[in-house]
Structure formats: structure tokens, C-alpha cells
Amino acid sequence: MSASPIPTSSGQMDVLDPQDGSLVERIERYDARGMQQAIDRADAALSRARRMPVHERMRVLYDASDYVDRHRQAFADILAREGVKTINEARAEVARAVMTLRLSAEETRRIVGNTIAFDQRPGSENRFGYSRRIPVGLIGAITPFNDPLNLVAHKVGPAIAGGNAVIVKPHEATPLSAIKLLEAFHEAGIEEGILQVIPGYGRDAGDALVTDDRVRMISFTGGRETGERIMQRAGLKKFGMELGSNSPTLIMDDADLEQAIPAVVGGAIAAAGQNCLHVQRLLLHERIYDEARDRFIAGMKGIRYGDKYSEDMDMGPLIDEAAADRVEAAVEQAIADGARCLVGNERDGNFFAPTVLEQVPDNHPMVKDEIFGPVTSLHRFSDEDEAIEIANNVDYGLHAGVFTRDVDAAFRIADALECGGVMINDSSDYRLDAAPFGGVKGSGIGREGVGYVLNEMTEPKVYCFNIRFPHGWT
Ligand code: NAP
């Protein structure tokens with residue numbers, strides 16, 4: 001058993017409710033020294049993580065998943081209190097986390113290698129061998145505030161499935177969902193040190209995790225600037241980088257608007273726009289522009305925002321005052337630079353109304369950068385090529401949505417869009433946790449999605465036997 005002591009905290013941190021600033025909980029906070037102690041502990045646990053048989057990894061993951069499922073209301077309450085989601089959005093995230101952990105359990109038995117034809121090289125006729133996938137080792141998981149449970153599950157589940165040890169550094173604003181998830185794994189009997197959750201600030205606890213040579217992979221979800229800083233600091237490691245975007249959704253002139261508009265409204269306001277798949281740019285064919293715009297505005301006007309705990313609310317607040325200031329300033333700047341505001345641009349504390357802009361100047365930061373708030377800009381196009389050009393004219397590429405009834409056009413457009421996933425007749429916001437997920441350009445490196453990230457969290461090891469058989473033994 002591990003002789004490494006439990007990490008010591010360096011003080012406390014307050015977790016505040018973003019909607020009114022009230023104290024949710026005061027928790028232990030760890031700095032660089034605490035993180036190093038956690039790394040010592042994980043390092044000592046590594047050999048036990050590696051030796052966990054597949055059936056045991058599966059049992060732990062299934063049991064943890066069942067625990068979350070049984071306590072889903074408690075998880076949803078914590079998630080809604082510390083984060084930006086309404087109680088209904090929080091419940092949906094908990095259900096997805098249950099699925100992510102179950103998928104992790106199922107994928108564990110599919111971590112397989114392959115046999116290798118060593119006899120393809122003259123002189124190697126007597127050699128026989130195979131590869132099997134071995135754990136990467138210690139994984140540092142750094143997570144954002146917007147999906148504080150499911151995005152942690154997307155790192156912890158596959159890390160354990162792959163036989164790794166993992167330390168989670170959750171976002172300073174939303175550590176409680178991750179701590180509650182740790183409880184599920186403790187109940188499932190995970191051994192000491194294999195999974196730890198270390199709340200603290202990115203600049204000290206996070207940096208200590210990133211820069212330690214014993215950490216073999218950083219699995220990061222967060223903003224692009226933070227991701228780039230981490231890559232500069234980290235040294236020789238593997239990286240999974242799930243970064244931001246400013247996703248486009250295209251509505252062609254033959255689209256079913258009854259289907260399209262509710263989907264894009266939902267994708268524009270989910271998590272109050274603090275969502276990497278947020279419908280930030282809505283591209284409308286000129287023949288349906290006016291009708292689609294009017295329907296979209298009506299949909300956005302109908303969004304109820306306010307008290308997260310009310311069953312009737314569609315949308316909650318921004319994460320903090322600084323975020324609300326940033327979104328408000330970005331909208332004001334776009335208007336000052338010539339954009340028209342069609343609805344929204346109202347602020348009440350940390351709440352920001354669903355906002356629709358049009359005539360945003362080309363190459364404006366409002367369309368080039370990630371807004372990370374409930375703001376969508378409208379763009380008019382006259383044909384497929386123009387739509388593709390507008391959609392691709394950014395330095396991000398996570399998801400895109402396309403609404404059309406023409407299957408040939410759907411195929412052509414999906415092929416031409418520069419991004420990690422295209423949702424046909426869905427907004428950019430649709431995601432299945434079992435599918436590969438990640439971006440191109442500034443949206444990141446590598447793929448999550450349980451079965452896919454397992455390829456990143458394990459590595460092939462080759463076993464070659466030089467056998468004293470005569471030639472042609474097969
Ligand atoms: P963020 O500010 O980049 O923070 C993400 C995490 O990085 C937090 O835990 C943060 O710690 C930590 N961190 C900050 N500086 C660090 C450093 N120097 N070293 C190590 N860790 C450090 O991102 P966010 O505001 O939480 O999330 C929003 C971004 O995440 C958006 O861009 C969004 O699009 C992206 N996102 C991407 C995906 C995806 O799958 N592609 C999914 C969700 C969100 P602190 O808590 O101390 O700040």
C-alpha cells in the first residue's frame with residue numbers, strides 16, 4: 001500500500017453561486033506543494049493502477065456510474081448550485097456523466113493490440129509477435145467550469161479504464177461536482193491514490209501538475225490561451241487539448257425551419273452560451289433569411305432566464321461578474337463598429353439576455369473569437385460556396401451544423417467544412433459522448449469520446465519472439 005501522505009492544503013477557497021454570489025461551500029485549497037504531494041501519491045499508486053485486471057476496472061467504473069445514477073438528484077443540485085446551468089440542464093449533464101462512465105466500463109474490455117507480421121522482412125521468418133496497449137502512466141486532467149461533471153467523467157473514466165492513475169484539477173469556480181464524483185469512486189472501492197481531485201488555482205496547483213515530469217499526459221479542456229500556455233510549460237508529455245470554438249450552423253434555403261429554429265435557439269442558449277459547441281454564428285440562405293431571422297428572434301425572445309433552481313427556467317447566469325463584463329463589452333464594441341442588435345443586450349447582474357446581432361463587420365472579433373456567452377450573429381449567404389467560405393473563415397473548427405433536405409448538398413458541405421464534426425439537421429451543439437470529439441485549427445489536438453481517447457491514454461507495446469522453429473512454421 002502507498003506510504004505517501006495525503007496532500008496538505010494551503011488554505012481554503014470559497015465556491016460561490018454565480019447567480020447571486022452566495023457561499024455554496026468553503027473547501028480545502030491546494031497549491032503547488034499540495035499538488036506535488038498528490039503527484040507523489042499517484043506515482044506510488046501507479047503500479048497498482050496498471051495491475052488492476054480488466055474485470056476490476058470494469059466493476060469500479062460500473063459501480064461509480066451506478067452511484068452517480070442513484071444519487072442523480074444530489075449531483076444535479078451541486079452542479080446547478082456551483083455552475084451556470086439550470087436545474088434541468090444539470091439533470092441532463094448528470095445523465096450524460098452516467099453514460100460516459102458506463103461507456104468507459106464497456107470500452108475497457110476492448111483495449112486490445114494486434115499481431116504483427118514480423119516475417120514480412122527477409123531474415124525475420126522465425127519471428128512472431130504482437131502489440132498490447134499499456135497505460136500511459138500518470139494523467140493530469142484539467143477541466144473547465146461549463147460541464148463540471150461530464151467533462152471530468154470524460155477524463156477520469158477512460159484514464160481508469162486504461163490502467164492509469166489520474167489527478168483532476170477542476171476549475172476553481174466549480175470543484176464540487178468533481179469532488180462528489182470522487183465520492184462515487186471511493187464508494188466503488190478505488191484504491192488510494194489512483195484517482196485524486198485537487199482543487200486549487202490554475203496558476204499554482206495547475207502549473208505544478210503541468211510541469212512535473214512524472215505526469216505523462218495532460219488531458220486539458222478549456223480556453224485556447226490557457227491551452228497554449230500549458231503546452232509551452234509542460235515539456236515532454238502527451239497532450240489532449242479540447243479548446244474553444246465559434247461554431248457555425250448553416251440553414252440552407254430548402255431546410256425545414258420548424259426543425260431548424262428550435263434546434264439553433266437551444267444551441268444558442270445552452271449553459272448561457274458558455275459551451276464550446278455554442279451556435280455563435282448562424283448562417284442563413286438569402287432566400288429564407290428574413291423568415292429564419294424573425295423566427296430565430298422570436299425563439300430567443302421566448303427564452304426564460306433567471307433563477308437556476310426554477311423548473312421553468314431555460315437559461316442561467318454567466319459564471320462571474322468578469323464574464324458578464326466581457327460579454328457586455330464585446331456586444332457594445334460590435335454595435336459601435338456597425339453591428340445591429342435585434343434582441344437582447346440586456347444585463348442584470350451576472351445574467352445576460354439572449355442576444356442576436358446582424359451586420360457584424362467581416363473579420364470582427366465578434367465572429368473571429370469565441371464569445372462564450374448567449375450571443376449569436378447572423379450572416380447572409382447566397383450559395384453553398386459562400387456559406388462554406390464564411391463558415392471556414394475563422395481559426396477554430398470544433399463542430400458545425402447544417403440544415404438541408406438535400407442529401408447531396410449535405411454531403412458536399414459536410415466534407416468542405418473545416419471542423420471535427422458536422423451535425424446534419426442538428427445545430428453545432430449536438431454531441432454524443434460515444435462519438436469521437438475534438439477540433440481542428442485552434443480548437444485543439446486529439447479526440448475525446450470514450451473509445452477514442454483510450455487510444456491516447458494507452459500506448460502500444462511490442463512483444464517479439466525469436467522462435468527456434470524451421471522456416472514456414474505457420
Ligand atoms: P480556462 O479559463 O482555460 O480554464 C480551464 C482550466 O485550466 C481551469 O481548471 C483553470 O484553472 C486551468 N488553468 C488556468 N490557468 C492554468 C495554468 N497556467 N496551468 C494549468 N491550468 C490552468 O477555461 P474555462 O473558462 O474554464 O472554460 C472555457 C473554455 O473551455 C472555452 O474556451 C470553451 O470553449 C472551452 N471548452 C472546450 C470544450 C471542448 O471539449 N473542446 C468543452 C468545454 C469547454 P482555474 O480554475 O484556476 O482558472
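We use all heavy atoms of the structure for the numbers below, so side chains are in, but hydrogens, waters and symmetry mates are not. Numbering starts at 1 and runs along the sequence shown.
Between Phe403 and Thr249 the shortest side-chain heavy-atom distance falls below 4.5 Å. Using a 4.5 Å cut-off on side-chain heavy atoms (C-beta onward), Met35 and Ile167 make contact. The shortest distance between side-chain heavy atoms of Val450 and Thr100 falls below 4.5 Å. Residues Leu284 and Phe296 have side chains not in contact (no heavy-atom distance under 4.5 Å, counting atoms from C-beta outward). Looking at Leu454 and Arg133, their side chains never come closer than 4.5 Å, going by heavy atoms from C-beta outward. Counting heavy atoms from C-beta outward, Val60 and Glu56 have side chains that approach closer than 4.5 Å. Side-chain contact between Ser427 and Leu277 is absent, with no heavy atoms from C-beta onward closer than 4.5 Å. Two residues are said to be in side-chain contact when any heavy atoms from C-beta on lie closer than 4.5 Å; Gln274 and Leu318 meet this criterion.
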- Task: Step by step, work out the side chain to side chain contact (heavy atoms under 4.5 Å, CB included) result for Leu16 and Leu23.
- Result: CA-CA 5 Å; Leu16 305 178; Leu23 181 68; 4.1 Å; yes
- Task: In sequence, state the C-alpha distance, the side-chain angles, and the governing distance for Ile251 and Ile261, and then conclude on side chain to side chain contact (heavy atoms under 4.5 Å, CB included).
- Result: CA-CA 9 Å; Ile251 305 187; Ile261 298 302; 4.2 Å; yes
- Message: Does Gln280 form a side chain to side chain contact (heavy atoms under 4.5 Å, CB included) with Val375? I'd like the steps, not just the answer.
- Response: CA-CA 6 Å; Gln280 181 168 330; Val375 182; over 6 Å; no
- Chi angles and distances behind the side chain to side chain contact (heavy atoms under 4.5 Å, CB included) call for Glu370, Arg224: CA-CA 10 Å; Glu370 181 182 40; Arg224 179 175 172 172; over 6 Å; no
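Looking at Lys169, its side chain never comes within 3.5 Å of a backbone N or O of Gly140 through a donor-acceptor pair. Asp314 places a side-chain N or O within donor-acceptor distance of the main-chain N or O of Arg304, the cut-off being under 3.5 Å. No donor-acceptor distance shorter than 3.5 angstrom exists from the side chain of Asn164 to the backbone of Val166, with no hydrogens or angles considered. Of the possible polar contacts, one joining the Thr376 side chain to the Val279 backbone as a donor-acceptor pair under 3.5 Å is found. One N or O on the side chain of Asn350 and one on the backbone of Pro18 form a donor-acceptor pair closer than 3.5 Å. No donor-acceptor pair under 3.5 Å is formed between the side chain of Arg109 and the backbone N or O of Val54. The backbone N or O of Val422 lies less than 3.5 Å from no partner atom in the side chain of His399, so there is not a single donor-acceptor pair. Remark: the backbone N or O of Val343 is not paired with any side-chain donor or acceptor of Lys301 at under 3.5 angstrom. Checked by atom type and distance alone, the side chain of Thr355 never pairs as donor or acceptor with a backbone atom of Gly344 at under 3.5 Å. In this structure, Asn392 contributes its side chain and Glu418 its backbone to a donor-acceptor pair below 3.5 Å.
Separating the CD atom in Glu459 from the CE atom in Met217 is a distance of 9.5 Å, to the nearest 0.5 Å. In this structure, the separation between OG1 on Thr404 and CG on Asp254 is 3.5 Å, given to the nearest 0.5 Å. With values rounded to the nearest 0.5 angstrom, Phe411 atom CZ is found 9.5 Å from Ile424 atom CD1. Within the model, atoms CG of Leu257 and CD of Glu291 stand 5.0 Å from one another, a figure rounded to the nearest 0.5 Å. Atoms CG and CZ, from Asp14 and Arg29 in turn, are 10.5 Å apart once rounded to the nearest 0.5 Å. Separation of atoms NE2 (His154) and OG1 (Thr221) is listed at 9.0 Å; rounding is to 0.5 Å.
With respect to Glu106 and Arg102, no salt bridge is recorded, no charged nitrogen being found less than 4.0 Å from a carboxylate O. A salt bridge is defined here as a Lys NZ or Arg NE, NH1 or NH2 lying under 4.0 Å from an Asp or Glu carboxylate O, and Glu386 with Arg380 fails to meet this definition. Note on Asp17 versus Lys308: salt bridge recorded, some NZ/NE/NH1/NH2 to OD/OE distance being below 4.0 Å. For the pair Asp69 and Arg72, the salt-bridge criterion is met [side-chain N within less than 4.0 Å of a carboxylate O]. A salt bridge does not link Glu107 to Arg57: none of the charged side-chain nitrogens sits closer than 4.0 Å to a carboxylate oxygen. Salt-bridge formation is detected for the pair Asp433/Arg96: a Lys NZ or Arg NE/NH1/NH2 atom is positioned less than 4.0 Å from an Asp or Glu carboxylate oxygen.
In the displayed structure, Arg233 atom CZ is contacted under 6.0 Å by at most 12 heavy atoms of other residues, nucleotides or ligands. Atom CD of Glu389 has 12 or fewer heavy atoms from other residues, nucleotides or ligands within 6.0 Å. Within a 6.0 Å radius of CD in Gln259, other residues, nucleotides and ligands contribute more than 12 heavy atoms. Few gaps surround CZ on Arg110; more than 12 heavy atoms of other groups in view lie less than 6.0 Å from it.
The aromatic rings of Tyr305 and Phe351 lie tilted to each other, with the angle between the two planes from 30° to 60°.
Between Asp20 and Ser22, the side chains place a donor N or O and an acceptor N or O closer than 3.5 Å (distance only, hydrogens not considered). A side-chain donor from one of Asn363 and Asn393 sits under 3.5 Å from a side-chain acceptor of the other. Between the side chains of Glu358 and Tyr289, at least one donor N or O sits under 3.5 Å from an acceptor N or O. Side-chain atoms of Tyr309 and Gln19 include no donor-acceptor pair closer than 3.5 Å.
Listed here is the closest heavy atom pair of Asp256 and Arg405: CB-NH2, 3.4 Å. Nearest approach of Ser177 to Ile78, heavy atoms of both residues: N-CG2, 3.8 Å. Considering every non-hydrogen atom in both Ala188 and Asp63, the closest pair reads CB-CB, 3.7 Å. Minimum interatomic distance between Ser247 and Ser245 (heavy atoms only, all atoms of both residues): OG-OG, 3.6 Å. Closest of all the heavy-atom pairs between Val367 and Ser377 is CG1-OG, 3.4 Å. Shortest non-hydrogen contact noted between Leu79 and Leu149 is CD1-CB, 3.7 Å.
Among Asn425, Leu417, Asp426, the single residue meeting the side-chain contact (heavy atoms from CB on, under 4.5 Å) criterion with Val402 is Leu417. Between Ser219 and the choices Met457, Glu456, Met241, the side-chain contact (heavy atoms from CB on, under 4.5 Å) rule is met once, by Met457.
With a 6.0 Å cutoff to the six-membered ring centre and a 45° limit on the axis angle, Arg326 does not count as a cation-pi contact of Phe372.
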